[in-house]
Amino acid sequence: GTAFQMPYAILTQPFRGDWWDACRIYRAWWTQQEWAGRGLLAERKDVPDWLKRTPIAVRLSTTKPARTVANNLRGALAFSDALGGRPFYGVWYGPFGGTPDEAGLGKSGHGHILPLQPGVAEALTQLKARGIRVQAYLQSLIYQTSRDEAARERAAADGAVSRGLDGTEHYYGTAASGDYAMCRASEWWQRRMADLAAHATRLGFTGVYLDSFGKGANDCFAPQHGHPRGGGNTVITGQRRMAQQLLRTVRSIDGEALLAGEAPVEGFRDLLDVYLFAVNRYAGYVPASRVIWGDYGLGYGRSIRSTGDGPTVVAELATLFLEGAIPGRFFCEGGTHEILQPGHEGDLAFLKKTVAYTETGIDYLRFGEYLHPLTLSPAPPPVAFTESSTDGKIEAPALLHSVLRSHRDGSVALVLANISDSPQTTAFAVDPALRAGAAARRPAARLARVAQDGAKTELGQGAQPWTLTLTVAPCDIALLVLE
């Protein structure tokens with residue numbers, strides 16, 4: 001009962017090149033698909049400008065007793081102070097219900113309409129006054145049958161749970177957990193999620209973040225749901241319908257309300273305003289998501305923490321900066337994030353530097369097309385550190401860099417970040433042919449180094465490629481613009 005006819009042909013063939021070339025080939029296909037239909041991020045009217053320019057993403061959480069509202073508020077406001085009052089974006093995990101449970105997020109009342117925890121409404125008001133917009137966390141898949149509220153709606157919920165071929169319920173984890181895995185193609189669950197999203201937005205959240213959303217799930221064989229039994233496109237099309245309904249719901253209440261999701265597959269890029277994803281460096285690292293579709297949507301990624309082994313914070317902030325991702329999540333539940341504490345002055349200074357350069361070079365870093373990297377000569381020496389998310393020991397070049405072309409005028413930014421504690425001198429080719437559009441119509445290209453405040457210092461010009469030698473100071477950034 002799971003077979004279906006593919007509605008399109010498939011062609012496979014070899015290509016000449018490396019992973020960068022593969023990404024560029026795929027990009028040429030991807031940008032013609034429905035999921036790219038809302039256009040380039042810089043031109044999208046459905047994504048608020050403040051979100052496009054947010055300097056960081058924070059996580060607030062009251063999922064455990066120690067994660068108090070006061071701590072979260074203090075932690076978020078500390079970032080506001082450190083960043084000069086700039087507005088930014090965050091997600092609040094577990095803001096609803098009664099006293100938090102030591103079990104954490106797993107006992108946060110998934111699927112039920114619950115009041116805010118005491119103090120959350122007042123905290124949201126203070127955060128909004130500082131330009132800090134926060135989404136409410138919602139679980140898009142789980143319904144907790146173990147809560148008292150479930151008894152009053154058990155029949156309806158039973159009718160919306162995802163079921164196997166033998167008719168038994170799918171659970172998130174084990175049956176002992178009491179957590180149903182719901183069918184997101186069912187009308188009841190879609191209505192429930194829309195009600196939850198409306199509830200959160202009316203309480204002052206800037207829309208909702210959907211966990212476990214934008215990817216696969218169990219095939220559902222429930223005959224009463226009105227969808228084809230089993231697999232095919234049911235899981236994805238059901239989630240797309242849900243996202244469309246939720247987006248309409250939150251925007252009808254607040255015109256700037258957001259819909260976000262967790263690490264979605266590409267078929268949801270047109271429906272989510274922003275998404276969480278993980279950026280983890282590895283040997284031979286190629287930022288595929290940024291190369292393929294990064295200028296069509298906005299992502300924030302990975303939790304920043306020091307491992308005490310090498311320049312972890314600087315290296316990971318540099319990676320996010322060079323890819324145009326929003327740095328963070330910075331956890332606020334402890335009251336003060338480590339990057340704001342004594343002993344981390346260098347990390348904070350580097351964060352501020354990436355924020356300033358992102359503002360100055362946003363046409364390239366957030367909005368630009370990601371091109372093939374430069375060949376640096378000599379190759380920068382390796383820098384060893386322990387990657388904070390995977391706890392894996394890796395090496396990265398002391399000089400990380402990206403080449404980005406502006407969609408506004410076709411000019412190109414060459415951006416280098418020194419993650420080491422010593423100056424790095426290297427040489428590379430500056431090629432006027434990288435330009436496009438209006439910039440390419442100028443017979444001679446001009447190269448300038450751009451400071452944080454936008455001031456320019458000319459470094460050279462020419463109609464043919466030339467070699468530039470550049471020194472970048474320790475933990476510094478060089479933004480070069482070729483126009």
Side-chain angles (χ1 to χ4, degrees), residues 20 279-287 290-291 304 306-325 327 339 344-358 360-361 364-365 368 370-388 392-404 412-431 434 447-460 465-482:
W20 289 95
V279 177
N280 306 107
R281 292 202 71 91
Y282 51 84
Y285 177 70
V286 176
R290 178 62 175 93
V291 177
I304 305 292
S306 173
T307 61
D309 181 19
T312 305
V313 173
V314 168
E316 295 178 351
L317 284 173
T319 299
L320 294 165
F321 161 71
L322 291 167
E323 294 182 26
I339 202 171
H344 291 272
E345 291 81 3
D347 294 336
L348 178 59
F350 191 78
L351 172 63
K352 291 180 177 180
K353 193 170 294 187
T354 65
V355 168
Y357 273 111
T358 297
T360 298
Y364 309 98
L365 289 154
Y370 205 102
L371 305 181
H372 197 284
L374 302 167
T375 298
L376 304 182
S377 181
V383 173
F385 62 94
T386 298
E387 205 274 345
S388 68
K393 293 184 180 298
I394 65 169
E395 290 184 344
L399 271 180
L400 303 178
H401 77 277
S402 58
V403 181
L404 305 123
V412 173
L414 314 174
V415 194
L416 299 95
N418 183 356
I419 64 172
S420 74
D421 57 4
S422 60
Q424 298 295 325
T425 300
T426 193
F428 49 86
V430 178
D431 188 355
L434 291 174
L447 182 71
R449 183 163 182 172
V450 183
Q452 295 181 41
D453 61 1
K456 295 182 179 180
T457 303
E458 187 166 317
L459 299 179
W466 74 90
T467 298
L468 177 75
T469 299
L470 183 72
T471 298
V472 184
C475 296
D476 200 8
I477 291 168
L479 170 61
L480 313 180
V481 174
L482 183 68

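Looking at every heavy atom in both residues, A473 comes nearest to N418 through O-ND2, 3.0 Å. Taking every heavy atom of both residues into account, A318 and A417 meet most closely at CB-CB, 4.0 Å. Closest approach of P327 and L351 over heavy atoms only: CG-CD1, 4.4 Å. Pairing each heavy atom of L400 with each of A315, the nearest pair is CD1-O, 4.0 Å. Here the closest heavy-atom approach between residue T426 and residue L376 is recorded as OG1-CB, 3.4 Å. The minimum heavy-atom distance linking A451 with Y357 is given by the pair C-CE2, 3.9 Å.
At a threshold of 4.5 Å between non-hydrogen side-chain atoms, the residues V383 and V314 do not count as touching. Two residues are said to be in side-chain contact when any heavy atoms from C-beta on lie closer than 4.5 Å; Y370 and P287 meet this criterion. By the 4.5 Å heavy-atom criterion applied to side chains, L470 and L480 are counted as neighbours. Counting heavy atoms from C-beta outward, D453 and T360 have side chains that stay 4.5 Å or more apart. V415 places a side-chain heavy atom less than 4.5 Å from the side chain of F321. Counting heavy atoms from C-beta outward, Y364 and V481 have side chains that approach closer than 4.5 Å. Annotation: side chain of L468 is in contact with side chain of F428 (closest heavy-atom distance under 4.5 Å). Looking at heavy atoms from C-beta onward, E323 lies out of side-chain contact with S402 at the 4.5 angstrom threshold.
Separation of atoms NZ (K393) and CZ (F385) is listed at 11.5 Å; rounding is to 0.5 Å. L404 contributes atom CG, which lies 9.0 Å from atom CG of L414 (distance to the nearest 0.5 angstrom). Rounding to the nearest 0.5 angstrom, the gap separating the OH atom in Y282 from the CD1 atom in I394 is 10.5 Å. For the atom pair CG of L374 and CG of L416, the computed distance is 6.5 Å after rounding to the nearest 0.5 Å. In this structure, CG on L322 lies 7.0 Å from CG on L365, to the nearest 0.5 angstrom. Note that the CD1 atom of I419 and the SG atom of C475 stand 8.5 Å from one another [nearest 0.5 Å].
Contacts of K352 classified as salt bridge (Lys or Arg N to Asp or Glu O under 4.0 Å), with partners at least two apart in sequence or in another chain: none.
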Show your reasoning for whether side chain to side chain contact (heavy atoms under 4.5 Å, CB included) applies to D476 and F350. CA-CA 8 Å; D476 200 8; F350 191 78; over 6 Å; no
Run the side chain to side chain contact (heavy atoms under 4.5 Å, CB included) test on K353 and Q452 for me, step by step, so that the C-alpha distance in whole Å, both residues' side-chain angles and the decisive distance to 0.1 Å come before the verdict. CA-CA 8 Å; K353 193 170 294 187; Q452 295 181 41; 3.8 Å; yes
Could you go step by step and tell me if E387 and N280 meet the side chain to side chain contact (heavy atoms under 4.5 Å, CB included) rule? CA-CA 7 Å; E387 205 274 345; N280 306 107; 2.7 Å; yes
For the pair T319 and Y285, evaluate side chain to side chain contact (heavy atoms under 4.5 Å, CB included) and give the outcome as yes or no after the intermediate values. CA-CA 10 Å; T319 299; Y285 177 70; 4.2 Å; yes
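A donor-acceptor pair shorter than 3.5 Å cannot be found between the side chains of D309 and T307. Between the side chains of E316 and S388, at least one donor N or O lies within less than 3.5 Å of an accepting N or O. Side-chain contact check for Q424 and S422: at least one donor-acceptor pair (N or O, by modelled atom type) lies under 3.5 Å.
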